[in-house]
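Everything quoted here is computed from the prediction, not taken from an experiment.
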Amino acid sequence: MLDSKERIKLENVKKLIRRNAKVPLEKLLNKLHPADLALIITNLSDLDRKKIWSFIEDRSKIAKIILEMQDVEAAALLSEMDSDDASYVLRIISKEKQHSLLQYISKDELIDVEELLHYPEDSAGSMMNTSAFALHMDTSVKDATKLLHKAEDLEMVFYLYVVDGENRLTGVLSLRQLILNPPEKKLSDIMIREVISVSVTDNQEYVADLVEKYDFLALPVVDEQHKLCGIITIDDVIDIIKDQASEDIYAMAGLTQNDMMFDKSPYKVASTRLPWLLITFIGEIIAGLVVTFFQGRITDFAILVTFMPIVMAMGGNVGSQSATVIIQGVALGKIDTSKWSRVIFKELIVGALMGIVIGIVAPLWEGDAQLGIIVGIAIFSAMLFASLTGSMVPITLMKLKFDPAIASAPFITALNDITGLTIYFLISMILLMI
């Protein structure tokens, strides 16, 4: 039984569905706890259930909703989803729960879902919708139009894919082409034969790059024999882009997406974060040794200590900024990887300009012009070197075929604390002794 608050939530959801109020409905659903959503969904009609999936922003939230439900109800909801969404949910829940749910799914639906589960997790095959609308190449425009009218419950038909007798992808045409051609024309006479497609084994990032490059709304997916297996639509590609952005953000902090899985044990989460913290810890120990080494030499120049936090903070930030810009630029295809020298030179100029400004501003409160100039030059040099290391580290990792996101903030900051302090003390002492 629903209590009064739950009934109000249910009625609000029903009302927004009837009005087709997409934006308010999306906001409401994404504010609700998965347990509340599960309860609401079980009390909706079959038609309303089908409508509601597209308004839930985070697909991992759908998985949490499934976990809150009884197996029979959860399996019924999975059956109403598109095969790609159902396989995604099954991938991110435990194996035990997965097997429990599969027992209640019909054989026909199970074939499609299990086929997608067979492909690697980050492949095009794992995310495609197997309900692709395709027509034989000998079909006439008139018959194609009739078949299109009957194409209910299929993935959005952006393009008409044309196949031969063995289901090999042979062409594609738009709805506009279909409408503008005479009824008796065959699809083989009007279709575009050079079809851009992806293989079931292609990486999801490659799929996203193709969609961005050609501005497609959908991409056909084929197997080794070039047989049409399914399609990937723009909404699936948006999910890939979101996942990529999240991975980049986590990586720059030395984390993984597993760190954000709150159902993981504290020991598991700690074990994934600890290696990066150890890198930072070792780096800071070395930075401490640098300070110890120069300690006896800077006793007469105690003012240098005042600026140590500034050097460490500014150097770390400059290095992280350079690394972030380069990693993001490569990921978005905005940096030509054959022209690294230009990229590094530009970052050096940026670092130099920022170093000049900070080098002038930082020591102003001391009121000693000579000391201000000396410390300013030292800070400028440290920031300039930080921009060099911040750009060189990710580039070096790329050259060595490593993931450039490894050049994360903890690593860059530790590196620049060591080099920054060394440069700072050396330059300051040399100039102060002149």
Side-chain angles (χ1 to χ4, degrees), residues 212 244-245 247-255 276 279-280 283-284 286-287 290 304 306-365 371-400 402-428 430-431:
E212 182 183 12
Q244 281 181 265
E247 285 176 10
D248 289 344
I249 291 168
Y250 297 147
M252 289 302 294
L255 303 174
W276 287 101
I279 290 173
T280 307
E284 296 308 317
I286 298 171
V290 171
L304 294 178
T306 307
F307 295 97
M308 278 173 49
I310 298 175
V311 174
M312 294 173 73
M314 299 310 299
N317 278 303
V318 169
S320 294
Q321 286 175 350
S322 295
T324 302
V325 167
I326 288 173
I327 293 169
Q328 190 72 356
V330 172
L332 297 174
K334 293 182 178 180
I335 290 180
D336 186 349
T337 53
S338 65
K339 298 177 181 177
W340 285 127
S341 56
R342 277 191 194 175
V343 176
I344 296 170
F345 183 66
K346 182 179 178 181
E347 284 303 310
L348 281 173
I349 293 174
V350 172
L353 291 172
M354 293 190 296
I356 289 170
V357 174
I358 301 299
I360 293 171
V361 172
L364 285 181
W365 73 77
L371 186 60
I373 292 170
I374 292 171
V375 176
I377 292 172
I379 291 176
F380 163 77
S381 303
M383 289 182 65
L384 183 64
F385 190 80
S387 66
L388 178 64
T389 56
S391 55
M392 284 297 293
V393 168
I395 290 172
T396 303
L397 290 169
M398 290 177 205
K399 293 283 187 182
L400 296 173
F402 289 109
D403 185 350
I406 293 173
S408 60
F411 184 81
I412 293 292
T413 302
L415 179 63
N416 283 299
D417 282 351
I418 298 166
T419 56
L421 284 174
T422 304
I423 292 170
Y424 173 60
F425 285 133
L426 283 174
I427 292 179
S428 295
I430 290 168
L431 293 176

Looking at [X] and [Y], what are the two nearest heavy atoms and their distance?
X	Y	result
Q321	M354	OE1-CE, 3.9 Å
I418	A287	CG1-N, 3.9 Å
F380	I356	CD1-N, 3.6 Å
P394	A323	CG-CA, 4.1 Å
L384	S387	O-OG, 2.6 Å

Item to check | Spacing of I344 atom CD1 and I395 atom CD1 [to the nearest 0.5 Å] | outcome: 4.0 Å

Next on the checklist: According to side chain to side chain donor-acceptor pair (under 3.5 Å), who are the partners of S322, at least two apart in sequence or on a separate chain?
Outcome noted: E347

Checklist entry - side chain to side chain contact (heavy atoms under 4.5 Å, CB included) with L426: which residues, sequence neighbours excluded? => result F294, T422

